[in-house]
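Worksheet: the structure to be examined is printed underneath.
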There are 2 protein chains.
Amino acid sequence: MSDSPIDDFIQTMGLMWSTEGGPRIAGQILGYLLIEGEPRTLAQMCEALQISKGSASTNARLLESKGVVRRVHPVGSRQDGFLAVPHPSHSLLKSVATRLRGQADEISVISARFPEEREDARERVGAFAEFYRQTADFMDAWTARIAPAQGETPGEED
Amino acid sequence: MSDSPIDDFIQTMGLMWSTEGGPRIAGQILGYLLIEGEPRTLAQMCEALQISKGSASTNARLLESKGVVRRVHPVGSRQDGFLAVPHPSHSLLKSVATRLRGQADEISVISARFPEEREDARERVGAFAEFYRQTADFMDAWTARIAPAQGETPGEED
DNA sequence: CAGTTCGTTCATTTCATATTGAACGAACTT
DNA sequence: AAGTTCGTTCAATATGAAATGAACGAACTG
């Protein structure tokens, strides 16, 4: 089990995802859907990845919220279908950018409270935050350049 | 303990770092050094952050390998000094780019082994990897643009 | 309207890894 | 050269998040 290139890829996606700090199964699901190319149900994920129904649901929804996976409702079926969006990595970068911006803001707020006599520290920390912000802007510009308004509002909530 | 803005910042850096999948203490050390602005010893980190000597050593070295922290040997002191580099976030992004490229390569190798009848999958996965690679290139270009050869070879090894 | 089949939730368990602290070796000091 | 003072390593432990699976409600089905 797991020495086919396909399985190997799925495993690797899981490993990569967990390296980035997320749940391994989310990466595996993304890998699976990327391979399949067509909508797959939660039950199919459970079967293919040998995971519990709860994990499939939770992690598929996580991917959905990040905009890398879309949920479809095929006519004639009660099961939800999950499908990797055309360019998952774009949405991925977008959510990274969003997180970066959030962190930058958080840091800015904190550093604004630094005492007067620590102005040097405030400056260094401020520069740190600013770079994060610029990087976020930069990433957004980058993804926009590659995928000019293709997907449309992939994920609303969080 | 920990409601001064300074401490708050250090805590937040730790949280941010662990969100990214790294050890919390590494983030705290970076925050601490960023605040201080001047070289600090392992002993000082232990004292300030209330951590063990082992953690201080291990995590300082981790930061060093990522190029966000530099080790100095002040004359007249046996202790090593650790100092946040001028623009830590640049080195940070650089190491992200490197990791991205590595992952892209890994995926490419695997997808090359996909069976013939799965060429559609190979194509999707290939596009995924390619985007990763491009993003890595993009990040490198971005950091190079901001900091045009300023720091000099921050981290050799890995 | 009783009986299924879904997806979601949440308390519990499992699992990974961050953190510790003692032991070690190297480089100084006198 | 004996005695310190460093930084590093590594086995053991602690900690936090991921994964499970049973329970629940909603939406179909006959």
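Naming convention: chains lettered A, B, ... in sequence-line order (proteins, then strands); numbering from 1 in each chain. On a predicted model such as this, the values are computed, not experimentally measured, just so you know.
Closest to the side chain of B:R71, from the set D:dC28, D:dG7, D:dG21, is D:dG7. Here C:dG7 is the nucleotide among C:dG7, D:dT5, C:dT4 with the atom lying nearest to any side-chain atom of A:Q79.
In this structure, the CD1 atom of A:I25 is 11 Å from the P atom of D:dG21, given to the nearest Å. Taking atom CG of residue A:D80 and atom C1' of nucleotide C:dT5, one finds them 12 Å apart after rounding to whole Å. Distance CE (B:M45) to P (C:dT19): 14 Å, rounded to an integer number of Å.
One cannot find a donor-acceptor pair under 3.5 Å joining the base of D:dG21 and the side-chain atoms of A:K53.
For B:R61 and D:dT9, the shortest distance from a side-chain N or O to OP1 or OP2 is below 4.0 Å. Put simply, B:S55 has a side-chain N or O that comes within less than 4.0 Å of OP1 or OP2 on C:dT20. Taking only side-chain nitrogens and oxygens, B:S57 never comes nearer than 4.0 Å to OP1 or OP2 of D:dG7.
Counting only N and O atoms by type, the side chains of A:R133 and A:S108 include a donor and acceptor under 3.5 Å apart.
No engagement by B:S18 is indicated, since no non-hydrogen atom pair under 4.0 Å with the nucleic acid exists.
Using bins of under 30°, 30° to 60° and over 60° for the plane-to-plane angle, the ring pair B:F138/A:F138 lands in the parallel bin.
Mapping A:A43 and B:S52 onto DNA chain C by nearest heavy atom places A:A43 at the nucleotide closer to the 5' end.
Applying the side chain to side chain donor-acceptor pair (under 3.5 Å) test between A:D140 and each of A:R145, A:K94, A:R101 identifies A:R101 as the sole match.
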